[in-house]
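Just below is one structure, and these are the notes that go with it.
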Protein chains: 2
Amino acid sequence: MAVAGRTTIRDVAAAAGVSPTTVSHALNGKGRLDPRTRARIQRTAERLGYQANRIARGLRSGRYGVQALWLPIEQDAASSDALTLDYYMRLASAMTKAFFARGDVVMLIPPVGSSEKLVPVPTDGAIVADPYDNDPRLAVLRRLDIPTVTIERNPVDPDDPWCVASDTGHHIETLLEHLASEGAERIALLVPEAMGAWSREERQAYRTWSSQHGRDRLTRPVSMRTPFAGAQHAVRALLLAGPRPDAIVIGAERFVPGTMLAIAEAGLEVPEDVLVAVAVDGNLARASLPPLTAVDLQPEQQAYAAAQLLWRRLDGEEPPGQWTVPGILRVRESSSRHRSRSSAGRSS
Amino acid sequence: MAVAGRTTIRDVAAAAGVSPTTVSHALNGKGRLDPRTRARIQRTAERLGYQANRIARGLRSGRYGVQALWLPIEQDAASSDALTLDYYMRLASAMTKAFFARGDVVMLIPPVGSSEKLVPVPTDGAIVADPYDNDPRLAVLRRLDIPTVTIERNPVDPDDPWCVASDTGHHIETLLEHLASEGAERIALLVPEAMGAWSREERQAYRTWSSQHGRDRLTRPVSMRTPFAGAQHAVRALLLAGPRPDAIVIGAERFVPGTMLAIAEAGLEVPEDVLVAVAVDGNLARASLPPLTAVDLQPEQQAYAAAQLLWRRLDGEEPPGQWTVPGILRVRESSSRHRSRSSAGRSS
DNA sequence: TCTCTTCCGTAAATCGATTTGTCATCTACG
DNA sequence: CGTAGATGACAAATCGATTTACGGAAGAGA
């Protein structure tokens with residue numbers, strides 16, 4: 001059938017002149033075997049291109065070599081920009097690669113809505129990206145008793161050790177410091193209205209930094225449901241009313257287009273009139289004109305860390321504690337007073 | 001264990017007072033059963049929340065309910081822009097949803113390089129997106145005897161009926177007609193150097209249309225390996241040398257940023273000095289300033305079509321012939337001579 | 001009444017691997 | 001020489017479902 005790897009354990013056993021049991025033991029390093037027999041069987045298996053059928057293995061051992069990845073993409077995201085997130089694409093891709101390094105494959109789980117009657121997926125564990133308050137994904141996984149690791153903290157249980165976290169607060173500080181060092185006086189923050197731990201930490205860090213440096217606070221919450229128009233209106237209002245900000249920190253990738261449009265509509269230039277920086281790097285930030293300074297969350301590192309944690313959890317080991325992946329500040333033209341168009345390149 | 005759905009067929013059998021065989025037959029509509037018994041068993045199964053364990057089912061029946069999705073993402077795509085393709089993200093997401101509608105889950109297959117020793121994936125079938133000449137993905141799948149459906153034609157076998165195609169030639173014509181109707185006289189084409197059927201059809205259509213309308217041909221091939229710099233240089237050369245084009249058709253999503261930068265560097269405005277349109281819609285096109293006219297390939301439709309085709313193939317049915325998903329022209333500011341900044345919105 | 005169908009339902013084999021329990025064979029030592 | 005203990009390999013049970021092949025009961029016809 002469509003089963004990959006036609007040769008079965010029986011074929012190998014026959015070829016090596018031993019029993020299937022012995023082959024299994026030899027290849028899995030279990031029982032007691034003469035080292036020479038073991039080596040011989042391994043060579044035979046190699047030669048025949050034998051690979052254990054995951055299905056059969058999973059049936060007996062309860063371990064399938066399949067991990068689920070559940071992105072926070074919403075139910076009716078078919079339309080346009082709701083799901084077009086560069087960051088998640090990189091994450092999914094990196095996750096696939098990280099797990100494959102040890103032979104595991106990654107399954108994408110569809111949106112929450114349809115998962116009510118979640119088909120019993122043959123899954124060892126799951127990665128949940130950006131959990132939000134009372135996230136139904138976590139509820140489902142808990143009910144099914146599937147070991148889980150989150151990317152970013154679970155707002156309901158921020159100290160859960162099975163978590164790959166970013167130091168979001170530190171990222172915001174870094175951006176603020178950078179903009180301040182470039183001469184920004186009034187820095188505004190566009191932050192998701194969402195319920196994630198992430199936007200909460202952004203606000204918190206912004207507030208703390210602002211009071212410490214005696215700056216005005218210009219926080220503008222924007223709905224994640226209308227990222228484009230929401231950001232556009234928020235920025236327009238910011239730029240028209242009162243003393244206008246001379247720098248904007250964009251808290252979510254999806255707010256980039258709306259922000260840039262509002263700035264252009266106001267007849268302002270980046271970075272001459274307004275400095276701009278983004279808390280999440282992605283192609284929207286890189287492809288803007290000019291390219292936007294941003295914090296690279298390093299999804300590849302996060303994926304690697306998540307895979308390590310999940311494997312550890314599956315092995316029943318103790319949690320090593322939350323794993324923090326440091327973001328990297330990518331300085332680009334949008335935050336530099338002295339714009340040089342020729343070096344228009346992309347940093348690293 | 002991590003197996004979802006704890007109740008087994010035995011539990012249902014016990015609760016309904018019948019044998020496991022009867023339960024299996026009742027739920028799968030096999031064998032001969034008293035309709036009342038069948039109904040009773042179905043109710044019992046429902047009440048207990050019984051779901052067949054895919055693993056066990058797959059072992060016997062050779063059908064796992066797992067489909068593979070193999071994107072044309074390259075091996076060391078960890079770095080920046082190689083894989084940041086909105087289109088593929090939408091495709092993956094839509095695919096996940098389309099398959100889940102009938103209970104199948106989607107697995108992402110990692111890059112080709114690492115798949116040499118492809119772990120025998122428990123997969124019924126596979127979807128290969130944008131196959132190129134002598135695509136190793138197709139080779140692997142053929143060797144493993146896994147039924148496959150491609151999205152876009154296989155250049156090596158363009159008439160393969162197990163294929164969801166776009167009418168790329170028609171899309172290019174549509175774009176050219178549209179630009180011409182907006183007054184464009186000299187239209188250039190930026191086309192991937194790649195080996196896919198896709199770029200070939202783009203060139204072909206452009207060539208045909210140009211001769212039919214007595215236009216100069218300004219085809220510029222750009223390497224997919226350096227989409228940014230490649231597009232930037234190509235467009236710069238176009239704009240500086242000779243009579244410059246007054247419109248550009250961008251053949252691949254990844255060329256958008258480089259193109260826009262080159263235009264800006266030349267001190268030109270879109271759409272006042274140059275009209276721009278893209279052959280593949282995505283967030284790069286939508287988020288540009290101004291938003292770019294583009295052809296929406298409708299990945300959701302493609303995913304649906306691919307799922308239908310694959311299921312049919314798995315059932316051993318005859319191919320219904322290639323399935324063409326029509327693209328939709330999304331007209332935006334970049335191709336309209338009369339720019340109206342206030343209606344800066346996004347079409348549909 | 002006896003046989004021949006038909007109808008329902010079940011027991012048992014099967015898928016491919018892992019795990020448990022058993023059984024020779026060999027070694028060591030009193 | 002006999003026995004406890006270690007060693008190396010295997011037979012059989014198992015995982016949870018599907019599929020095949022069979023058997024008992026009821027109904028039909030002679």
Side-chain angles (χ1 to χ4, degrees), chain A residues 1-42 44-45 48-66 103 119-124, chain B residues 1-42 44-45 48-66 103 119-124:
Chain A
M1 289 285 143
V3 184
R6 307 189 82 61
T7 56
T8 75
I9 199 172
R10 258 180 272 275
D11 300 328
V12 179
V18 295
S19 76
T21 305
T22 310
V23 175
S24 175
H25 283 160
L27 298 181
N28 297 314
K30 290 287 168 73
R32 290 179 314 214
L33 271 266
D34 187 322
R36 289 169 311 183
T37 313
R38 192 182 294 269
R40 181 164 52 87
I41 294 176
Q42 280 167 346
T44 310
L48 297 182
Y50 169 75
Q51 297 275 25
N53 179 329
R54 275 160 193 278
I55 295 302
R57 166 181 305 187
L59 185 56
R60 188 73 180 89
S61 66
R63 195 82 171 247
Y64 306 126
V66 178
V119 190
V121 188
T123 282
D124 294 329
Chain B
M1 320 255 138
V3 184
R6 307 191 81 63
T7 56
T8 75
I9 199 172
R10 258 179 271 275
D11 300 328
V12 179
V18 295
S19 76
T21 306
T22 310
V23 175
S24 176
H25 283 161
L27 299 181
N28 297 314
K30 294 282 169 77
R32 290 177 315 214
L33 283 218
D34 186 322
R36 289 170 310 183
T37 313
R38 192 182 294 267
R40 182 164 51 87
I41 293 176
Q42 281 166 347
T44 309
L48 297 182
Y50 168 75
Q51 298 274 26
N53 179 331
R54 276 161 189 277
I55 294 302
R57 181 206 300 262
L59 184 57
R60 189 71 181 88
S61 67
R63 195 83 171 246
Y64 306 128
V66 178
V119 190
V121 189
T123 283
D124 294 328

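Below, chains carry the letters A, B, ... as their sequence lines are ordered, and counting in each starts from 1.
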To the nearest 0.5 Å, how far apart are CD1 in A/I9 and CG in A/L48? 12.0 Å

Would you say B/Y50 reaches D/dG16's phosphate, i.e. side-chain N/O to OP1/OP2 under 4.0 Å? no

Interatomic spacing from OG1 in B/T8 to CG in B/D11 - rounded to 0.5 Å: 4.0 Å

Criterion side-chain contact (heavy atoms from CB on, under 4.5 Å) against B/S24, the qualifying member of B/L27, B/N28, B/T21: B/N28

Go through D/dT7, D/dC10, C/dG16 for me and flag the one nearest to the A/R10 side chain. C/dG16

A/N28, nearest nucleotide to its side chain (from D/dA17, C/dG9, C/dT18): C/dT18

Can you figure out which of C/dT10, C/dC8, D/dA9 approaches the side chain of A/D34 most closely? D/dA9

Atom-pair distance (CZ on B/R38; C1' on C/dC7), nearest Å: 13 Å

Please report the distance, rounded to the nearest Å, between CG in B/L48 and P in D/dA17. 12 Å

The side chain of A/I9 lies closest to which of these nucleotides: D/dA17, C/dT18, D/dT19? C/dT18

Can you measure B/K30 atom NZ to C/dG9 atom P for me and round it to whole angstrom units? 18 Å

Using heavy-atom distances to pick each residue's nearest nucleotide on DNA chain C, tell me which of A/V23 and B/S19 is more 5'. B/S19

Where the side chain of B/V18 is defined as all heavy atoms beyond and including C-beta, which of C/dA17, D/dA9, C/dT10 is the nearest nucleotide? C/dT10

A/H25 has its side chain closest, among D/dA9, C/dT19, C/dG9, to C/dT19

Given C/dA17, D/dT20, C/dG9, identify the nucleotide with an atom nearest to the side chain of B/T21. D/dT20

Give, for atom OG1 of A/T22 and atom CZ of A/R32, the distance between the pair rounded to the nearest 0.5 Å. 12.5 Å

Considering only side-chain heavy atoms of A/S24, which listed nucleotide, C/dT19, C/dG9, D/dT19, is closest? C/dT19

Nearest to side-chain heavy atoms of A/L33, which nucleotide of D/dC10, C/dG9, D/dA9: D/dA9

In this structure, how many angstroms lie between the P atom of C/dT5 and the CZ atom of B/R32, rounded? 14 Å

Rounded to whole Å, the CG-P distance (B/L27 to D/dT18) equals 8 Å

Quick one, B/R40 and B/T37 - any side-chain contact, counting heavy atoms below 4.5 Å? yes

